[in-house]
There are 2 protein chains.
Amino acid sequence: MELRQLRYFIKAKELLNFTEAADSLNISQSTLSQQIKQLEDELDIPLFNRIGKRIALTEAGQLFYNYALQSVNRANNGKLMLQELNQLQAGSLNIGVTYGLRYLLTPALMRFLRKFPKVKVQVVFGTSEELRHRLLSLELDILLTFEEVVHDAHLTYELLFESPLCLVSSAKDPVAQHDQVLLKDVVALPLVLPSNGFSTREFINNTLLQNKLSPNIALEINDIPTLLDLVKAGNWYTILAKTTVKGSGLSAVPIKGKNMVRKAMIITMTDVYEKKAVGQFRKFMLDEVKRR
Amino acid sequence: MELRQLRYFIKAKELLNFTEAADSLNISQSTLSQQIKQLEDELDIPLFNRIGKRIALTEAGQLFYNYALQSVNRANNGKLMLQELNQLQAGSLNIGVTYGLRYLLTPALMRFLRKFPKVKVQVVFGTSEELRHRLLSLELDILLTFEEVVHDAHLTYELLFESPLCLVSSAKDPVAQHDQVLLKDVVALPLVLPSNGFSTREFINNTLLQNKLSPNIALEINDIPTLLDLVKAGNWYTILAKTTVKGSGLSAVPIKGKNMVRKAMIITMTDVYEKKAVGQFRKFMLDEVKRR
DNA sequence: TTTCTTAAATCGGTTTTATCGATTGATGTT
DNA sequence: AACATCAATCGATAAAACCGATTTAAGAAA
């Protein structure tokens, strides 16, 4: 039993005339006759009564019609549904994002949703490590974060923008007056750093290791807004990309040195089918960067 | 898109391994790979992500799965339904019957329904003419009546039994004492006959025409039980097959002469598919005749 | 009746395609 | 580095869908 035969049967039932049905199906009457017969053989019961040159549905044909129709319709509807998905009139988009990129995400996301209101978007905040893991397990479609220390062969990286690594302090702190600071001065200050797993923390760990410096870590915390609140209180300092601090009212003084810069990236999986929604959203993000 | 491809996709989705799925489907891995690819091409979207040697469903595959499953299931269920029909665990049986054969019908019908309780039976009483018309238009599956004067080429006739044509009278009537009567004596009596359209009436018309006799018709009526009541009252006589009178308490004296006999028949349409239910019911009827 | 028309079934041959085995390429494992 | 595993690809083959022509049968028309 094949959909082709069901389609033939449906048309023959509707026209009750093999010759016309065959015309309508763009096949020969011979073919239609054979395919119907084959279907009847498989079902082990005639679907049509051949009365002279007329055909009429048997009870079996009458009963089977609804099943045939529904089977064909389910398949057709599945195809239509996928067409909608291709035109972004359906489907979902799962975005992973680190806190530092929220200011870029929100306007791009708003424009995307206005254009494709049928797409269900889920945004997941988390550490780079956690989000990268979820991207690799296909839980996420796209990841917005800072560049990793090591690249993963299964991932594709696309640069969004660069942001200098900064010493972050209360706006009233004397350090805020400086144009730039040295890394060795930074490690002397009491620091509140993001926990391991955050991309900037991994970057800091790596940089300090290379410079043989060890930081004065007062506190580690896995929530960036809370971390910023603590710094705002004035007792502690932290190290973050300039973008991350934007809009918080805190001071961010660039740290002097080569490579003292974070690269914001769009990360997706290599060689997996890229949803239309991902492609579109990527464009919105790149466009958002250009606007600034 | 064909059911075959949907079946392949479903299995591949369930096992998430083309090699195993192909084994389970008794096809080569090569074939499965090609058919899935063909399906994806037609749907214009990948159903699987090929990550290295692993495969995983795409969003499209996930969404399409339910449609594929339902399409295949509808077709399978249709086939199963027809199997039940073939085993008389479903379906309908429409029986046309003339009043004269009710005594044979009821016991056969009761046995049939006990054996095939799932079959929906409809019994239609009527004149032979009316019932034959409904049989020809496929409204009836089988017809139980007396032999027609002329046979229809589209109908198949099978003898059930023969019953002598009788002069019917009240049991107290002097005529009831006779062993037989002559046709010319019958036409002298005041008769109540079934209306035209009843097979016995057609037979009587024909017989009298051939014998150049004209009857003394007091009343024509199209309801046999009422006709019998009138005869029972004693003022009138009628002509019917002996079987028709059985159990009514009336006297039935055979009419002398060649061919003064009615043939009870099973009539079906020639060359139309005979339902399993019809075949079975026919057997029950013939069996019922043998029992007597 | 006979003829004519129409519709479905059948037949033989052709084209299409589903399928296979073998091979390749790529990946993860020992 | 060698090996095992899995999906993709290739070329060949077998299966099937399909067509045109013909046959068969039934209504319709002459």
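Every chain is numbered from 1 and lettered A, B, ... according to where its sequence line falls, protein lines coming before strand lines. Note: hydrogens, waters and symmetry copies are ignored here, and every other heavy atom, side chains too, is used.
Side-chain nitrogen and oxygen atoms of B:R50 include at least one within less than 4.0 Å of the OP1 or OP2 phosphate oxygen of D:dA8. Checking the phosphate oxygens (OP1, OP2) of C:dT19, no side-chain nitrogen or oxygen of B:N26 falls inside 4.0 Å. Contact between the side-chain N/O atoms of B:N17 and the OP1/OP2 oxygens of D:dA7 is found at a separation under 4.0 Å.
To the nearest angstrom, C1' of D:dA7 lies 15 Å from CG of B:L15. As rounded to whole Å, 16 Å separates atom C1' of D:dA14 from atom CD1 of B:I27. The interatomic distance linking B:F18 (CZ) with C:dT27 (P) rounds to 16 Å, in whole Å. Rounded to whole Å, the distance from CG on B:L25 to P on C:dC20 is 10 Å. To the nearest angstrom, P of D:dA8 lies 11 Å from CG of B:N49. If you measure from atom CG of A:L32 to atom C1' of C:dA7, you get 12 Å, rounded to the nearest angstrom. When rounded to the nearest whole Å, the span between CD of A:E2 and P of C:dT17 equals 14 Å. Taking atom CZ of A:R54 as the reference point, atom P of D:dA26 lies 13 Å away to the nearest angstrom.
Contacts of A:Q38 with the nucleic acid, taken as non-hydrogen atoms under 4.0 Å apart, involve only primed sugar atoms and P, OP1 or OP2. Nucleic acid contact class of B:T31 (heavy atoms, under 4.0 Å, all strands): base. Residue contacts shown for B:Q35 are limited to sugar-phosphate atoms, with no base heavy atom under 4.0 Å away. Residue A:Q34 is in base contact, counting any heavy-atom pair closer than 4.0 Å across all strands shown.
The existence of a salt bridge linking A:E40 and A:R50 is confirmed by a sub-4.0 Å separation between a basic side-chain nitrogen and an acidic carboxylate oxygen.
Along DNA chain D, the nucleotide nearest to A:I51 and the one nearest to B:S30 differ in position, and the one closer to the 5' end is contacted by B:S30. DNA chain D is contacted by both B:H154 and A:Q29; A:Q29 maps to the nucleotide lying nearer its 5′ end (nearest heavy atom per residue).
A:E202 places a side-chain N or O within 3.5 Å of a backbone atom of A:G197 that can act as its donor or acceptor partner.
Classification of the B:F112-B:F284 ring pair by plane angle, with boundaries at 30° and 60°, yields perpendicular. Ring geometry, A:H151 versus A:Y157: the interplanar angle falls under 30°, so the pair is classed parallel (tilted spans 30 to 60°).
Partner A:F48 forms a ring-ring contact (aromatic ring centres under 6.0 Å, His included) with one of A:F64, A:Y65, A:F18 and no other, that one being A:F18.
Between A:L101 and A:F161 there is a side-chain heavy-atom pair separated by less than 4.5 Å. Residues B:E130 and B:H133 have side chains not in contact (no heavy-atom distance under 4.5 Å, counting atoms from C-beta outward).
Of the candidate nucleotides D:dC18, D:dA7, C:dA9, C:dA9 has the atom lying nearest to any side-chain atom of A:S33. Among the nucleotides C:dC20, D:dT9, D:dC19, the one closest to any side-chain atom of B:K37 is D:dT9. Considering only side-chain atoms of B:R4, the nucleotide from C:dA8, D:dA8, C:dT19 that sits closest is C:dT19. Comparing C:dA7, C:dC20, C:dA9 by their closest approach to the side chain of B:S28 singles out C:dC20.
A donor-acceptor contact closer than 3.5 angstrom is absent between the side chains of B:T127 and B:E129.
Interface residues of residues 39-48 of chain A facing DNA chain D, ordered by number: none; criterion, heavy-atom separation under 4.0 Å.
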